[in-house]
A.B. asks: 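Sending over a structure as structure tokens; questions will come in a sec.
In this chain, residues are counted from 1 in sequence order. Counting starts at 1 for both ligands and their atoms, following the listed order. The figures here come from the full heavy-atom set of this structure, side chains too, leaving out hydrogens, waters and symmetry mates.
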Amino acid sequence: MATLAQGPEPLPLDVLDISKPQDWLEYRDILDRFRMMRAAGPLHWCPESEYGPYWSVVTHQHIQEVEGRPDIFSSAWDKGGITIFDRKPDAAEPPLPMFIAMDRPQHTGQRRTVSPAFTPAEMLRHEPHIRRRTAELLDSLPEGESFDWVDKVSIELTTGMLAILFDFPWEDRRLLTKWSDNATDIEAFGDPEKEKHRWEVMYEMAACFTELWNERKDREPRPDLISMMIHSEATRNMTPQEYMGNLVLLIVGGNDTTRNTMSGTVMVQKDHPDGWARMMADPSLIPNGVSELIRWQTPLAHMRRTALQDFEVGGRIIRAGDKVVMWYLSANRDETVFDEADRFIPERENARRHLSFGFGIHRCVGARLAELQIGVLLEEMQKRRMRVELVGAPVRVFSSFVHGYRQLPVVMRRG
Ligand code: HEM
């Protein structure tokens with residue numbers, strides 16, 4: 001192990017460089033490495049990695065400090081964007097402009113446009129539909145036979161929800177899954193052939209959504225996201241690139257994340273059967289259990305910022321231009337905030353303090369919708385006394401950004 005003496009606490013590089021997708025695929029000591037980092041200090045400089053040098057912020061308090069200063073720590077795509085991956089300077093295509101990767105003032109207006117789709121009143125409107133669809137799906141699952149929970153449940157439910165939000169043709173809804181997976185396919189980054197294919201799929205998506213835009217642009221305003229963008233000052237004059245960027249944002253934002261929390265239900269039943277059993281025995285624990293599940297799973301492992309000027313956080317000086325990676329997965333296991341943080345405890349009093357949705361001006365706009373969908377899933381599983389058992393090796397996502405599963409072979413039983 002090469003030891004580094006960067007800053008006050010020397011840590012070996014193979015602990016510090018937590019970004020390698022292969023390590024996440026194999027889940028090589030990920031949680032232990034974060035634990036070691038937290039014990040050694042809130043911020044760590046990793047001098048080299050396949051994504052270049054970067055800071056890791058690993059504690060709950062210090063992630064909030066970074067996110068609380070969007071004037072210093074930029075999300076803007078032209079400064080570096082929101083994930084650890086840098087855009088290649090020679091990339092053939094321009095980056096997609098989306099408001100998650102914008103700073104004030106553009107961010108403010110574009111976020112305001114889509115926010116009305118996620119108000120409590122909208123959630124009430126959606127709930128019966130979500131519940132009916134979830135119930136139908138659960139009732140269609142085979143009992144006592146092996147199937148893939150990710151495909152049959154997590155993907156199906158989240159994709160269906162997006163189709164409702166966009167008022168997207170129902171029979172084509174799996175296209176949304178394809179486009180979301182394509183947008184986050186990090187194996188394609190840096191491989192010119194795969195990258196070319198990625199863009200072809202992206203343009204297929206753009207063509208389809210442009211058609212929907214054109215069909216709806218002269219109609220009365222409706223509560224779907226496309227109609228909202230058409231009728232808002234801040235978004236009606238978006239360039240095609242901006243339109244595509246914001247679509248990708250909403251599709252990816254609402255897809256991988258909720259999907260992987262739903263997949264987390266299988267792993268919780270396997271690893272924390274006691275906590276799960278208490279929640280299933282007492283459905284009044286479900287609302288808090290939803291937050292606990294989102295904390296425990298943490299479907300996005302990190303978000304990234306770029307420092308616009310020198311600034312001190314947690315006793316370390318971050319230099320202008322430095323890449324700052326905020327590891328939500330580590331913050332959600334921070335032992336100074338969450339007791340027995342590795343356990344799933346549906347009664348946990350401060351479960352809602354998790355940082356899975358981020359913090360500050362970019363905090364997830366779809367949080368309520370995600371909580372609604374996951375809550376309905378848990379309630380409907382509870383009513384059916386469903387038990388889901390993992391019967392094969394889980395396949396994780398090859399990424400240090402999306403934290404979740406590609407496949408979970410399970411058998412479901414009732415009663
Ligand atoms: C459990 C599910 C979800 C998780 C864990 C999650 C997580 C996140 C995170 C970490 C951010 C960035 C926060 C930051 O930079 O501070 C974010 C932003 C965002 N999310 Fe979610 N998300 C979830 C569900 C959803 C859903 C269902 C939608 C919409 C359909 C959505 C749409 C968005 C959008 C549009 C943004 C950008 C907000 C902004 O920049 O102002 N998310 N989400």
A.B. asks: Quick one: does ligand 1 sit under 4.0 Å from the side chain of Arg111, the backbone, both or neither, non-hydrogen atoms only?
C.D. replies: side chain
A.B. asks: How far is atom 27 (C) of ligand 1 from its nearest protein heavy atom, and which residue and atom is that?
C.D. replies: Gly254 CA, 3.5 Å
A.B. asks: Below 6.0 angstrom between ring centroids: does that apply to His302 and Phe401?
C.D. replies: yes
A.B. asks: Nearest protein heavy-atom contact for atom 23 (C) of ligand 1: which residue, which atom, what distance?
C.D. replies: Thr257 OG1, 3.3 Å
A.B. asks: N/O of Leu162 under 3.5 Å from N/O of ligand 1, yes or no?
C.D. replies: no
A.B. asks: Would you kindly specify which portion of Arg305 sits under 4.0 Å from ligand 1, judged on non-hydrogen atoms: side chain, backbone, both or neither?
C.D. replies: side chain
A.B. asks: By the definition side chain to side chain donor-acceptor pair (under 3.5 Å), identify the one residue from Arg363, Arg305, His62 that meets it with Glu67.
C.D. replies: Arg305
A.B. asks: Apply side chain to side chain donor-acceptor pair (under 3.5 Å) to the pair Ser400 and Ser19, showing each step before the final yes or no.
C.D. replies: CA-CA 6 Å; Ser400 61; Ser19 67; 5.5 Å; no
A.B. asks: At a 4.0 Å threshold, what atoms of ligand 1 neighbour a non-hydrogen atom of Leu249?
C.D. replies: 35 (C)
A.B. asks: Does Gln22 CD have over 12 foreign heavy atoms under 6.0 Å away?
C.D. replies: yes
A.B. asks: What about His272 and Trp296, are their ring centers closer than 6.0 Å?
C.D. replies: yes
A.B. asks: Identify whether the distance between the nearest side-chain nitrogen and carboxylate oxygen of Arg131 and Glu127 falls below 4.0 Å.
C.D. replies: yes
A.B. asks: Looking at Arg133, I'd like to know if its CZ atom is crowded, meaning that more than 12 non-hydrogen atoms belonging to other residues, nucleotides or ligands lie closer than 6.0 Å.
C.D. replies: yes
A.B. asks: Touching ligand 1 at all, Ile361? Heavy atoms, strictly under 4.0 Å?
C.D. replies: yes
A.B. asks: Provide the number and element of each atom of ligand 1 under 4.0 Å from a heavy atom of Ala370.
C.D. replies: 1 (C), 2 (C), 24 (C)
A.B. asks: Quick one: look up the protein heavy atom nearest atom 1 (C) of ligand 1 and list residue, atom name and how far away it is.
C.D. replies: Thr261 OG1, 3.4 Å
A.B. asks: Number the atoms of ligand 1 from 1 as they appear, then name those within less than 4.0 Å of a heavy atom of Gly358, with their elements.
C.D. replies: 10 (C), 13 (C), 16 (O)
A.B. asks: What's the shortest distance from atom 25 (C) of ligand 1 to any protein heavy atom, and which residue and atom give it?
C.D. replies: Gly253 O, 3.0 Å
A.B. asks: In the protein, what heavy atom is nearest to atom 34 (C) of ligand 1, and what distance, to one decimal place, separates them?
C.D. replies: Val365 CG1, 3.7 Å
A.B. asks: Looking only at distance, does Thr258 have an N or O less than 3.5 Å from an N or O of ligand 1?
C.D. replies: no
A.B. asks: Under 4.0 Å, heavy atoms only, figure out whether ligand 1 is touched by the backbone of Met161, its side chain, both or neither.
C.D. replies: neither
A.B. asks: Salt bridge or not for Arg304 and Asp86, using N-O below 4.0 Å?
C.D. replies: yes
A.B. asks: Select one of side chain, backbone, both or neither to describe which atoms of Ile82 lie under 4.0 Å from any atom of ligand 1, heavy atoms only.
C.D. replies: neither
A.B. asks: Could I get the full list of ring pair (Phe, Tyr, Trp, His ring centres under 6.0 Å) partners for Tyr243, not counting sequence neighbours?
C.D. replies: Trp213
A.B. asks: For atom 7 (C) of ligand 1, what's the nearest protein heavy-atom neighbour? Residue, atom name and distance, please.
C.D. replies: Ser356 O, 3.4 Å
A.B. asks: May I ask you to decide whether Glu340 forms a salt bridge with Arg348, counting only side-chain N to carboxylate O separations under 4.0 Å?
C.D. replies: no
A.B. asks: Which of these, Arg132, Lys383, Arg384, sits in a salt bridge (charged side-chain N to carboxylate O under 4.0 Å, His left out) with Asp139?
C.D. replies: Arg384
A.B. asks: In terms of side-chain geometry, is the basic nitrogen of Arg33 or Asp23 positioned less than 4.0 Å from the acidic oxygen of its partner?
C.D. replies: yes
A.B. asks: Nearest to atom 14 (C) of ligand 1 by heavy atom, Gln110, Glu67, His302: which?
C.D. replies: Glu67
A.B. asks: Any heavy atom of His107 sitting closer than 4.0 Å to ligand 1?
C.D. replies: yes
A.B. asks: Give me the nearest non-hydrogen protein atom to atom 40 (O) of ligand 1 as residue plus atom name, then the distance to 0.1 Å.
C.D. replies: His362 ND1, 2.7 Å
A.B. asks: May I ask you to say whether Arg174 pairs ionically with Asp151, meaning some side-chain N is under 4.0 Å from a carboxylate O?
C.D. replies: yes
A.B. asks: Please, which pairs that meet salt bridge (charged side-chain N to carboxylate O under 4.0 Å, His left out) have at least one residue in residues 248-258, sequence neighbours excluded?
C.D. replies: Asp256-Arg259
A.B. asks: Is ligand 1 under 4.0 Å from a heavy atom in the side chain of Phe359, in the backbone, in both, or in neither?
C.D. replies: backbone
A.B. asks: May I ask you to identify the nearest protein heavy atom to atom 8 (C) of ligand 1, giving residue, atom name and distance to one decimal place in Å?
C.D. replies: Cys364 CB, 3.7 Å
A.B. asks: So, 4.0 Å and heavy atoms of Pro299: is ligand 1 close enough to count as a contact?
C.D. replies: yes
A.B. asks: Considering distance alone, does some N or O of Gln373 sit under 3.5 Å from an N or O of ligand 1?
C.D. replies: no
A.B. asks: Show the atoms of ligand 1 that are less than 4.0 angstrom away from any heavy atom in Leu165.
C.D. replies: 30 (C)
